[in-house]
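The first residue in the sequence is number 1, and the count goes up from there.
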Amino acid sequence: MIISVSRRSDVPAFYGEWFMNRLKAGEVLVRNPMHARQVSRIVLSSEKVDAFVFWTKNPEHFLSFLPEIDALGYRYYFLFTLTPYDTTLEPGVAAKSRIVEVFRQLSRLIGPEKVVWRYDPVVLTDRYTPAWHAKAFRQLAGELSGYTERCVISFLDDYRKVRIRMRDIRYILPDITVMGELAACFAEVTARHGMALYTCSHESDLSLRGIMHSRCIDRDLVEQISGRRLRGIKKDSSQRHGCGCVESRDIGSYNTCPHGCLYCYAVSSHVKASLAYHSCDPLSPLLCDALRGDETISTVAPRNITAFSFSGVANC
């Protein structure tokens, strides 16, 4: 089983202690965001978890936990979002110069193949023009050169909650021509720095420009770092059509990330997110939540795991 930590929140940035407590307990509970009385119990033993996929904007305070996670036998990689925006769009994110250094530190600890750079989302406005992005991307790519092997880009999604929060920003939704030209510019930059470039969840086909669809929850990468054959695993049907991710279990909760990013789809209220963060019980089996007593709890059946060697000879 692949565990996503998490599309719904920045667990490495804010909830590292809670996560480590869940590893020690050997399980986590996750409330269904659409049906609040349905709760899933997910076993977190290293024998049952193929890999953790950590999503984050700043794992600085999580780095100290990595030796313990390694000692427990878990495999993992990071999807590290690093954009050039200031507090206009990302009011709660630390200074980018500091985050660049955290990115490098993480890469030195676990290897560049396990740190995927996400330049996401690409927001276009009168200020953040394609030319502005081209310059900012070149600078960040240069600073991250040698510290990652792949970059994933995505353009802003026009969710209603995002549209309301960004109504004063006067953002522009680019057409396929603008997206293609900017992505081609990015591709030239990443090629110079030894990075592969991918797009995330976009229907637009940019393969003629050498840019393929990403799989953020990536079967090949998980097999590479875990040494396990992911037999029977399927594309994640709960994600959008253009998403290439395979199945995983997300253990986060919505409205819990206090970064305050205006473009975030996982937060409907920054006030709720701030309150959730400040009231979080690190010993709770649910993230920023507690059982009420009226839930139906079901245990998720783990996938059968097969070990293998890269010579093609089975080890099991």
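Taking each heavy atom of C216 and R118 in turn, the nearest pair found is SG-NH1, 2.7 Å. Across all non-hydrogen atoms, the minimal contact from V122 to L182 is CG1-CD2, 3.9 Å. Taking each heavy atom of R219 and L230 in turn, the nearest pair found is NH2-O, 2.7 Å. Pairing each heavy atom of C280 with each of P282, the nearest pair is O-CD, 3.4 Å. In terms of heavy atoms, P112 sits closest to G146 at CB-O, 3.9 Å. Scanning both residues, H193 and S145, for their nearest heavy atoms gives ND1-OG, 3.1 Å.
Taking the six-membered ring where the residue is Trp, the centroids of F65 and F19 are separated by 6.0 Å or more.
In terms of modelled atom types and a separation under 3.5 Å, the side chain of S4 and the main chain of S6 share no donor-acceptor contact. Between the T190 side chain and the A187 main chain, a donor and an acceptor come within less than 3.5 Å of each other. Side chain of R41 to backbone of S298: no donor-acceptor contact under 3.5 angstrom is found. Put simply, the side chain of D120 never gets that close to the backbone of I153: no donor and acceptor are under 3.5 Å apart. Although no hydrogens or angles enter the test, the distance criterion places a donor-acceptor pair under 3.5 Å between the side chain of K161 and the main chain of Y265. Between the S284 side chain and the D289 main chain, a donor and an acceptor come within less than 3.5 Å of each other.
Around the CZ atom of R163, the shell of radius 6.0 Å holds more than 12 heavy atoms that belong to other residues, nucleotides or ligands.
Distance check, rounded to the nearest 0.5 Å: OG of S107 to CD of E113 gives 8.0 Å. The CD atom of E60 sits 11.5 Å away from atom CG of L106, with the distance rounded to the nearest 0.5 Å. The CZ atom of F52 lies 5.0 Å from the OH atom of Y74; values are rounded to the nearest 0.5 Å. To the nearest 0.5 angstrom, R7 atom CZ is 5.0 Å from S248 atom OG. Atom-to-atom distance recorded for M1:CE and D50:CG is 8.5 Å, nearest 0.5 angstrom. The CD1 atom of I99 sits 13.0 Å away from atom CD of Q105, with the distance rounded to the nearest 0.5 Å.
Side-chain contact between S268 and N255 is present, with at least one heavy-atom pair separated by less than 4.5 Å. V39 is listed as a side-chain neighbour of R31, based on a closest heavy-atom distance under 4.5 Å. F80 places a side-chain heavy atom less than 4.5 Å from the side chain of P59. Contact check for V49 versus Y76: no side-chain heavy atoms found under the 4.5 Å cut-off. Between L72 and S46 there is no side-chain heavy-atom pair separated by less than 4.5 Å. Put simply, the side chain of V222 does not reach to within 4.5 Å of the side chain of R75, judged on heavy atoms. Annotation: side chain of S40 is in contact with side chain of R249 (closest heavy-atom distance under 4.5 Å). A heavy-atom distance below 4.5 Å is found between the side chains of R165 and C264.
E17 meets the side chain to side chain donor-acceptor pair (under 3.5 Å) test with no other residue; sequence neighbours excluded. Partners of R292 by salt bridge (Lys or Arg N to Asp or Glu O under 4.0 Å), not counting sequence neighbours, listed by chain and number: D294. Partners of D218 under the salt bridge (Lys or Arg N to Asp or Glu O under 4.0 Å) rule, at least two apart in sequence or in another chain, are R150, R215. Shown here are the side chain to side chain donor-acceptor pair (under 3.5 Å) partners of Y15, two or more places apart in sequence or in another chain: there are none. Listed by chain and number, the residues in a side-chain contact (heavy atoms from CB on, under 4.5 Å) with H35 are N32, Q38 (sequence neighbours excluded). Here Y147 pairs with nothing under the side chain to side chain donor-acceptor pair (under 3.5 Å) rule; sequence neighbours left out. Residues passing the salt bridge (Lys or Arg N to Asp or Glu O under 4.0 Å) test with R170 are D126, sequence neighbours excluded. Under the rule for a side chain to side chain donor-acceptor pair (under 3.5 Å), the partners of Y171 that lie at least two apart in sequence or sit in another chain are D158. Not counting sequence neighbours, the partners of S253 by the side-chain contact (heavy atoms from CB on, under 4.5 Å) test are T256, L287. Under the salt bridge (Lys or Arg N to Asp or Glu O under 4.0 Å) criterion, E149 pairs with no residue at all, not counting sequence neighbours.
Taken together through direct or relayed side-chain contacts under 4.5 Å among Ile, Leu, Val, Met, Phe, Trp and Tyr, L109 and F62 form part of one hydrophobic cluster. A single hydrophobic cluster is seen to contain both F14 and L82, as judged by linkage of ILVMFWY side chains at heavy-atom distances under 4.5 Å, directly or through other members. With hydrophobic clusters built from ILVMFWY side chains whose heavy atoms lie under 4.5 angstrom apart, I69 shares a cluster with W18. Using a 4.5 Å cut-off between side-chain heavy atoms of Ile, Leu, Val, Met, Phe, Trp and Tyr, with links allowed through other members, L63 and I110 fall into the same hydrophobic cluster. Cluster annotation: L291 is not connected to Y254 through the hydrophobic network of ILVMFWY side chains, with a link wherever side-chain heavy atoms come within less than 4.5 Å.
Remark: the T81 side chain and the W55 side chain contain no N/O donor-acceptor pair separated by less than 3.5 Å.
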Test side chain to side chain contact (heavy atoms under 4.5 Å, CB included) applied to V30 and D250, step by step: CA-CA 8 Å; V30 182; D250 199 295; over 6 Å; no
Using the rule given for side chain to side chain contact (heavy atoms under 4.5 Å, CB included), can you reason through L79 versus V152, listing the C-alpha separation, both sets of side-chain angles and the distance that settles it, and then say yes or no? CA-CA 9 Å; L79 297 167; V152 178; 5.6 Å; no
Do N58 and V102 pass the side chain to side chain contact (heavy atoms under 4.5 Å, CB included) test, and can you show the C-alpha distance, the side-chain angles, and the key distance before you say yes or no? CA-CA 7 Å; N58 185 5; V102 173; 4.0 Å; yes
Before you tell me yes or no, could you show the steps for L124 and V178 under side chain to side chain contact (heavy atoms under 4.5 Å, CB included), namely the whole-Å CA-CA distance, both residues' side-chain angles and the distance that decides it to 0.1 Å? CA-CA 10 Å; L124 295 174; V178 172; 4.0 Å; yes
Donor-acceptor pairs under 3.5 Å, side chain of residues 85-95 to any protein atom, not counting sequence neighbours: which ones?
residue: Y85; atom: OH; partner: P121; partner atom: O; Å: 2.6
residue: Y85; atom: OH; partner: V123; partner atom: N; Å: 2.8
residue: D86; atom: OD1; partner: T88; partner atom: N; Å: 2.9
residue: D86; atom: OD1; partner: T88; partner atom: OG1; Å: 2.9
residue: D86; atom: OD1; partner: Y128; partner atom: OH; Å: 3.4
residue: D86; atom: OD2; partner: R127; partner atom: NH1; Å: 3.3
residue: D86; atom: OD2; partner: R127; partner atom: NH2; Å: 2.8
residue: E90; atom: OE1; partner: T83; partner atom: OG1; Å: 3.3
residue: E90; atom: OE1; partner: K96; partner atom: NZ; Å: 2.7
residue: E90; atom: OE2; partner: T83; partner atom: OG1; Å: 2.6
residue: E90; atom: OE2; partner: Y263; partner atom: OH; Å: 2.4

Distance-only donor-acceptor pairs under 3.5 Å for side chains of residues 136-144, two or more places apart:
none

